[in-house]
Amino acid sequence: MKHLPKISIFYWVLIVSANTLGETSGDLISQTFNLGYDGGTILLLLLFSMALMGLIYTKNQKSLLY
């Protein structure tokens with residue numbers, strides 16, 4: 001337990017906002033753009049992969065990027 005970071009209110013704000021934004025963007029993509037759940041999942045996985053590759057291969061390691 002010594003190696004775990006302290007969980008603060010900032011942690012819970014990030015968790016709630018990520019959950020809310022994730023559900024909202026999933027509904028927007030799958031229902032508004034008529035892609036369905038499979039198409040929306042594939043599109044969001046592609047967007048996530050692109051963002052992840054951008055973070056991995058960037059030369060500047062700044063916390064704002066995360």
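From a predicted model like this one, the values you see are computed outputs, not experimental measurements. Any value given below was found using the heavy atoms of this structure, including those in side chains, with hydrogens, waters and symmetry copies removed.
Between the side chain of Ser17 and the backbone N or O of Leu14, at least one donor-acceptor pair lies under 3.5 Å.
Closest approach of Gly22 and Ser25 over heavy atoms only: O-OG, 3.1 Å.
Distance CG/Leu28 to CG/Leu35: 9.5 Å, rounded to 0.5 Å.
Shown here is Asn19, whose CG atom has more than 12 heavy atoms of other residues, nucleotides or ligands within 6.0 Å.
Partners of Tyr11 by side chain to side chain donor-acceptor pair (under 3.5 Å), not counting sequence neighbours: none found.
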For residues 39-48, which side-chain N or O atoms pair as donor and acceptor with protein atoms under 3.5 Å away, sequence neighbours left out?
from: Thr41; atom 1: OG1; to: Tyr37; atom 2: O; distance (Å): 2.7

